[in-house]
Amino acid sequence: MLKNPSTKYLSFPPVGLTDRQWPNRVIDKPPVWMSTDLRDGNQALFEPMNVNRKLRMFKMLCDIGLKEIEVAFPSASETEFAFVRRLIEEKCIPDDVSIEVLTQAREHLIRRTFESLQGARRAIVHVYNATSKPFRDIVFNMSHAQVVAMAVTSVKFIKELAARMPETEIQLQYSPETFTGTELDFALEICNAVTQAWDATPQNKVILNLPTTVELTTPNIYADQIEWMHRHLDRRDSVLISLHPHNDRGTAVAAAEMGMMAGADRVEGCLFGNGERTGNVDLVTLALNMYSQGVAPGLDFSDINAIAREFEDCTQLPIHPRHPYVGDLVFTAFSGSHQDAIKKGFAAQKTDMPWNIPYLPIDPADLGRSYDSVIRVNSQSGKGGIAYLLETGYGIVMPRRLQVEFAGVVQRATDASGREMSAADIWRLFSHTYLDTTAPVKYIEHHLFEQGKAQGINLTVEIGGTTHLLTGKGNGPIDAVVHALRGVGISVQVRSYEERSMSISGDGGNAKATAFIELAHTGQRECYGVGIHNNIVTASIRAVVSGINRMSLAIDATHQAA
């Protein structure tokens, strides 16, 4: 058993914000987005991306629509420094994109960082120092005043170096690292000192990044902390409050959403939640959550498969198949009840109405995903999913009772194999069960004739290797066929009949007719026969023969006819 946590772990008290406003707000516009894929995300990889992969990732981030991208920690290594130089010297940075570089609050590191930015049009210099009590007391052994002085001194030095580079527009970003573990009054003190040292104005805003460096509490407490800072910061009109949620507790997306509701202007994160430990907040999930609520996120994920594959290739990290919106299986229903609801939802959905499909909070087509993957069939599946795959892939629109009957056939096959069945597998099973039946009766040909008010038919079939020419008449072709087959001792009743047009994939789009006939025979349950042909009468006759063969009748009368 787990140990008693109350004696081992610290709990963090609530903020005490009794008049909090954020729970009554909704997200109605996107934040300023900032990608940390090339920095925080890259340093979290087993093998950091090489320059070529970083360039591919940078281009993809620009194509998605990100306007602020943290590209490197230039003072950390020559590789990081060289990458920034390459972006600038090879003019890889679009005019409307700002690169961001990270540095610790140390003079020699800041100087090296500015060396990497020579010739850049625009850049965000992101400086940070840890502010929480464990870091002050244990890691750095510094007082409150010393921690504030470190931040202020660094900001003033950045301001001085920026003045020497008039060709580059420099924006300051400051992070009180370990913000969520820092006393709020001290976090406020150091942030106000930074904005004063920078002399922030509405035209020269400072970005104050308030990270969950380690996620310590539930998202609502983080939201309270953000709202408290939002209310109390000096020069609020000269500040952009930025969020940098990590996912240690698995609630980074919720923390970011609540933080935006609490007054934040900007969000930093990575595609698909990459980042140190359990990752940064997932920008894809966050953006598509907004999209699913009717809010345009300002980021383009209309070809999410291409983005996912490029991400996997650049980072060598797999995307989980159940990852929200993006995983290979998130738009896939194996459950029979889910499949049935989705199928009915698609049937009811009108193009001019809001999206309202059960189990699908977002239209897969908006992300470039096809509907082919929505319904998948295994031993847990039911008639709805099977029917959907045959309808969308092969034009077979089955009557409801046939759906039930064929679902049993599929169930037995998947139980026996223990594996998933593709649409092609289901089509082959459907063909084998209904269309390819030739025993005991094999259809050869027919000719219709009129006999007064009745429909007559001359039907040629093969039974047990012997060819039979049968004649029958009735109130229509199907009735005539049933009467003709009595000549070889086959007696069935037609319970129901439906016909539909179809277009089979790979058949050039030529219209064909499908006939579904439900037959009954004394002492046996009803069963379906199916026929497909360009001619509806031929399709109907094939359906009757299909149903008879599926009944596996013992045709003793064959010998009598012979």
Side-chain angles (χ1 to χ4, degrees), residues 390 396-410 412-413 427-449 454-500 502 512-562:
L390 285 179
I396 300 291
V397 184
M398 294 189 290
R400 180 173 175 79
R401 288 193 298 279
L402 177 56
Q403 293 179 30
V404 174
E405 179 184 289
F406 185 53
V409 176
V410 174
R412 288 189 291 274
W427 169 248
R428 283 191 289 270
L429 184 59
F430 182 86
S431 297
H432 175 74
T433 304
Y434 295 100
L435 306 179
D436 302 334
T437 60
T438 58
V441 180
K442 181 180 179 181
Y443 166 79
I444 304 298
E445 64 177 1
H446 75 276
H447 298 281
L448 297 177
F449 61 89
Q455 175 72 68
I457 190 169
N458 291 321
L459 176 65
T460 304
V461 296
E462 184 180 295
I463 301 174
T466 301
T467 300
H468 300 270
L469 177 60
L470 308 174
T471 300
K473 61 179 181 180
N475 55 21
I478 296 173
D479 194 33
V481 169
V482 170
H483 281 84
L485 287 168
R486 289 176 182 169
V488 287
I490 300 174
S491 179
V492 293
Q493 298 85 44
V494 176
R495 288 282 190 260
S496 66
Y497 169 78
E498 295 183 40
E499 61 183 54
R500 294 187 174 95
M502 62 169 290
K512 287 192 173 186
T514 309
F516 305 99
I517 291 183
E518 188 179 24
L519 300 179
H521 178 71
T522 304
Q524 295 200 31
R525 63 178 179 82
E526 294 85 355
C527 80
Y528 268 91
V530 183
I532 297 176
H533 197 270
N534 292 328
N535 181 282
I536 186 57
V537 174
T538 304
S540 301
I541 296 170
R542 289 180 178 272
V544 173
V545 172
S546 165
I548 289 169
N549 289 335
R550 293 194 62 247
M551 284 181 168
S552 301
L553 296 178
I555 311 176
D556 296 333
T558 300
H559 302 290
Q560 298 174 13

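Note that the structure is a prediction, hence the values are computed from the model and not measured.
At least one side-chain heavy atom of Leu435 sits under 4.5 Å from a side-chain heavy atom of Trp427. With a 4.5 Å cut-off on side-chain heavy atoms, Val488 and Val461 do not count as touching. Using a 4.5 Å heavy-atom cutoff, the side chains of Val492 and Leu485 are not in contact. Taking 4.5 Å as the limit, every side-chain heavy atom of Val530 sits out of range of all side-chain heavy atoms of Ile396. A heavy-atom distance below 4.5 Å is not found between the side chains of Thr514 and Lys512. Within the 4.5 Å cutoff, the side chain of Leu448 has heavy atoms near those of the Gln455 side chain.
Here CD1 of Ile478 is found 10.0 Å from CD1 of Ile457. Values are rounded to the nearest 0.5 Å. To the nearest 0.5 angstrom, Ile532 atom CD1 is 12.5 Å from Arg500 atom CZ. From Tyr528, atom OH reaches atom CG of Leu519 across 10.0 Å, with rounding to the nearest 0.5 Å. To the nearest 0.5 Å, atoms CD1 (Ile536) and CD1 (Ile541) are separated by 10.5 Å. Here the CD1 atom belonging to Ile517 is positioned 12.0 Å from the CG atom belonging to Leu402, to the nearest 0.5 angstrom. Rounded to the nearest 0.5 Å, atoms CG (Asp436) and CZ (Phe430) are 10.5 Å apart.
For Glu518, the side chain to side chain donor-acceptor pair (under 3.5 Å) test picks out Arg401, Ser496, with sequence neighbours left out. Listed by chain and number, the residues in a side chain to side chain contact (heavy atoms under 4.5 Å, CB included) with Leu469 are Asn458, Thr460 (sequence neighbours excluded). Residues satisfying the side chain to side chain contact (heavy atoms under 4.5 Å, CB included) test with Arg428, not counting sequence neighbours, are Ala424, Asp425. Legend: residues meeting side chain to side chain donor-acceptor pair (under 3.5 Å) with Ser540, ordered by chain and number and at least two apart, are Tyr497. The side chain to side chain contact (heavy atoms under 4.5 Å, CB included) test applied to Thr437 returns Ser546, Asn549, Arg550, not counting sequence neighbours. Residues satisfying the side chain to side chain donor-acceptor pair (under 3.5 Å) test with Tyr434, not counting sequence neighbours, are Glu405. In this view, His483 and Asp479, Arg486 satisfy the side chain to side chain contact (heavy atoms under 4.5 Å, CB included) rule, not counting sequence neighbours.
Considering all non-hydrogen atoms of both residues, Gly531 and Ala543 come closest at N-CB, 3.5 Å. Taking all atoms of both residues into account, the shortest heavy-atom contact from Glu498 to Pro399 is OE2-CB, 3.4 Å. Closest of all the heavy-atom pairs between Cys527 and Met551 is SG-CG, 3.5 Å.
Ring geometry for Tyr443 versus His446: interplanar angle of 30 to 60°, hence tilted.
In this structure, Gln403 contributes its side chain and Met398 its backbone to a donor-acceptor pair below 3.5 Å. His533 places no side-chain N or O within 3.5 Å of a backbone atom of Ala513 that could act as its donor or acceptor partner.
For residues 455-472, no residue pair satisfies the salt bridge (charged side-chain N to carboxylate O under 4.0 Å, His left out) rule, not counting sequence neighbours.
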